[in-house]
Amino acid sequence: MTSLPAPEPGLLLRLTGPLQSWGLHSHFNERDTAPFPTRSGVIGMLASALGRRRGQPIDDLTALHMTVRTDRPGVLLRDLHTVGGGLPGKATVTTAEGKKRPGDTGTLLTHRHYLADAAFTITLTTPQDTSENRLLLDRCAKALRTPRWPLHLGRRSCPPEGPLLLGQSDDALHHLIHLPLAAQPPRTQAAGSTPVEFLADRPLTFLPAPTHTISETHEDGTHATGELNDQPVNYHPSQRAYLARPLYQRTLLLPRAQFAGLGAQQLTALGRYLDTRLHTTEGSRR
């Protein structure tokens with residue numbers, strides 16, 4: 001029998017709301033969204049909760065590993081916005097030459113993309129269980145409970161639906177696999193298991209997957225499936241900088257009973273799990 005990876009302390013977050021938008025290549029009039037939360041978006045949310053201003057160091061936050069479980073992928077939504085219309089000449093949009101657009105061309109059209117009705121459960125973990133890293137997790141958990149500035153799911157117009165912070169755990173990845181999913185049970189299966197996607201910034205061999213959840217026909221997370229330019233270096237408006245990082249994907253087969261439905265039904269199941277398992281079985285591998 002293969003031994004499970006060592007437990008990793010970390011935070012468990014629930015990212016869901018009417019709309020989310022995790023921009024990857026957003027420039028000028030076209031604002032896209034990744035199909036899942038990005039490192040730059042989530043680390044930016046942590047920095048906002050902690051009250052860090054743009055341009056302040058974020059090296060401690062970027063050292064955290066992020067793993068995403070896709071509960072509901074949501075539906076891609078494109079919204080049409082207008083910018084600069086109905087304003088006096090001096091207040092219209094600035095051109096590339098630094099001039100102001102005349103009144104008859106002052107209105108610009110922008111396309112903004114969102115994920116509608118999506119839900120993700122994520123962990124932020126530290127493989128090195130040191131007192132310094134524990135203090136960082138404690139500070140982040142406290143800040144997420146009482147944030148210095150309002151939090152949003154990638155864009156200011158996308159507030160999260162609570163609860164956002166589910167808790168802090170000595171074995172966060174174990175709970176990431178076993179927490180109730182914010183999704184309806186699949187209609188096509190009366191019993192058995194359903195594929196659920198996990199994404200991370202490192203090989204997903206560290207995921208403590210029980211044997212019955214492992215699928216030989218799906219991605220095992222050993223090799224990178226792509227690359228994302230979402231590792232933040234600086235959030236200063238005039239000095240924004242990001243690094244590329246690998247993207248790893250893995251599919252686990254989770255039992256139908258773990259799909260807890262929507263709304264109050266899912267929140268009830270989530271609360272029951274947090275009360276009976278997260279707070280009483282810390283470090284458990286059951």
Side-chain angles (χ1 to χ4, degrees), residues 1-16 22 34-39 41-43 62-73 118-129 133-134 137 140 165-183 186 192-228 230-231 245-260 270 273-274 277-278 281-286:
M1 180 178 178
T2 305
S3 60
L4 293 175
E8 295 184 11
L11 307 178
L12 287 151
L13 278 65
R14 172 179 176 268
L15 304 183
T16 185
W22 308 97
F36 46 80
T38 58
R39 279 187 60 80
V42 173
I43 291 171
T62 57
L64 296 172
H65 286 296
M66 186 174 84
T67 310
V68 178
R69 185 187 76 183
T70 303
D71 291 18
R72 293 196 313 272
F120 304 93
T121 304
I122 75 169
T123 58
L124 295 167
T125 59
T126 171
Q128 297 181 338
D129 191 2
N133 287 336
R134 290 274 183 169
L137 291 174
C140 289
L165 176 67
L166 298 179
Q168 189 172 346
S169 171
D170 294 333
D171 195 359
L173 295 166
H174 167 84
H175 294 295
L176 181 65
I177 294 175
H178 292 89
L179 276 162
L181 286 108
S193 302
T194 300
V196 174
E197 186 178 55
F198 292 76
L199 307 106
D201 47 28
R202 54 182 170 148
L204 277 157
T205 50
F206 66 85
L207 206 58
T211 304
H212 67 273
T213 67
I214 297 174
S215 168
E216 300 295 337
T217 60
H218 292 88
E219 291 283 353
D220 63 3
T222 303
H223 304 288
T225 58
E227 192 174 75
L228 297 180
D230 72 339
Q231 174 72 348
R245 57 93 175 180
L247 172 68
Y248 294 87
Q249 296 175 277
R250 185 176 184 181
T251 299
L252 296 183
L253 301 177
L254 300 186
R256 178 183 173 86
Q258 202 171 326
F259 288 75
L270 186 60
Y273 181 100
L274 297 178
R277 298 192 63 183
L278 180 60
T281 61
E282 287 295 73
S284 168
R285 312 298 281 180
R286 296 197 294 272

Practice task
For Gln128, look at atom CD and say whether over 12 heavy atoms of other residues, nucleotides or ligands are found less than 6.0 Å away.
Solution key: no
Problem - Residue pair Phe120, Asp71: steps toward the side-chain contact (heavy atoms from CB on, under 4.5 Å) verdict - result: CA-CA 5 Å; Phe120 304 93; Asp71 291 18; over 6 Å; no
Practice task
State the NE2-OG distance between His212 and Ser193, to the nearest 0.5 angstrom.
Solution key: 6.5 Å
Handout entry: Contact summary for Ala260 and Pro180, nearest pair of heavy atoms
Key = CB-CB, 3.8 Å
Fill in the blank from the handout: Rounding to 0.5 Å, atoms CG (Leu204) and CD (Glu219) come to a distance of 10.0 Å
Problem - Taking every non-hydrogen atom, the tightest pair across Leu11 and Leu137 - result: CD2-O, 3.7 Å
Practice task
Kindly indicate, with the supporting measurements, whether the criterion side-chain contact (heavy atoms from CB on, under 4.5 Å) is fulfilled by Leu124 and Cys140.
Solution key: CA-CA 10 Å; Leu124 295 167; Cys140 289; over 6 Å; no
Problem - Arg69 (side chain) donor-acceptor with Phe198 (main chain) under 3.5 angstrom - result: no
Completion exercise
Of all heavy-atom pairs linking Arg39 and Asp230, the shortest is N-OD2, 2.9 Å
Handout entry: Side chain Arg72, main chain Ala182, donor-acceptor under 3.5 Å
Key = yes
Handout entry: Straight-line distance of Leu253 CG to Thr194 OG1, nearest 0.5 Å
Key = 8.0 Å
Practice task
Using the side-chain contact (heavy atoms from CB on, under 4.5 Å) rule, take Asp201 and Leu247 through it: C-alpha gap first, then chi angles, then the decisive distance, then the call.
Solution key: CA-CA 5 Å; Asp201 47 28; Leu247 172 68; over 6 Å; no
Handout entry: Short side-chain donor-acceptor distance under 3.5 Å, Asp220 and Thr222
Key = yes
Practice task
Verify whether one side chain among Arg14 and Thr121 offers a donor that lies under 3.5 Å from an acceptor in the other.
Solution key: no
Exercise for the section: With the side chain counted from C-beta on, respond yes when Asp129 and Pro9 share a heavy-atom pair under 4.5 Å apart, and no when they do not. Expected result: yes
Problem - His223-Tyr248 side chain donor-acceptor pair, cut-off 3.5 Å - result: no
Problem - Minimum heavy-atom distance His218-Thr251, with the two atoms named - result: CB-CB, 3.4 Å
Exercise for the section: Decide yes or no for Leu274 and Leu179: does some side-chain heavy atom of the first lie under 4.5 Å from some side-chain heavy atom of the second? Expected result: yes
Problem - Any Pro7 side-chain heavy atom under 4.5 Å of His174 side chain - result: no
Exercise for the section: Indicate yes or no: does Arg202 engage Glu8 in a salt bridge with an N to O separation below 4.0 Å. Expected result: yes
Completion exercise
Separation between CG (Leu12) and CG (Leu270), nearest 0.5 Å, reads 10.0 Å
Problem - His175 to Arg277 - nearest heavy-atom pair and separation - result: CE1-O, 4.0 Å
Problem - Residues forming a salt bridge (charged side-chain N to carboxylate O under 4.0 Å, His left out) with Arg250, sequence neighbours excluded - result: none
Problem - Any side-chain donor near an acceptor of the partner, Thr125 and Thr123, under 3.5 Å - result: no
Exercise for the section: Report the C-alpha separation of Leu254 and Thr213 in whole Å, then their side-chain angles, then the decisive distance to 0.1 Å, and conclude whether the side-chain contact (heavy atoms from CB on, under 4.5 Å) test is met. Expected result: CA-CA 6 Å; Leu254 300 186; Thr213 67; 4.2 Å; yes
Handout entry: Flag side-chain contact, heavy atom, 4.5 Å: Phe36 against Ile122
Key = no
Handout entry: Flag side-chain contact, heavy atom, 4.5 Å: Met66 against Val42
Key = yes
Problem - Side-chain (Thr38) to main-chain (Gly41) donor-acceptor, under 3.5 angstrom - result: yes
Completion exercise
Between the CD atom in Gln231 and the OG1 atom in Thr62, the distance rounded to the nearest 0.5 Å is 5.5 Å
Exercise for the section: Assess the side chains of Thr225 and Gln249: does a donor N or O sit below 3.5 Å from an acceptor N or O? Expected result: yes
Exercise for the section: Answer whether the closest heavy-atom distance between the side chains of Thr67 and Leu176 falls below 4.5 Å. Expected result: yes
Handout entry: Interatomic spacing from OG in Ser215 to CG in Leu252 - rounded to 0.5 Å
Key = 9.0 Å
Problem - Smallest separation among heavy atoms of Ala118 and Thr16, with atom names - result: O-OG1, 3.1 Å
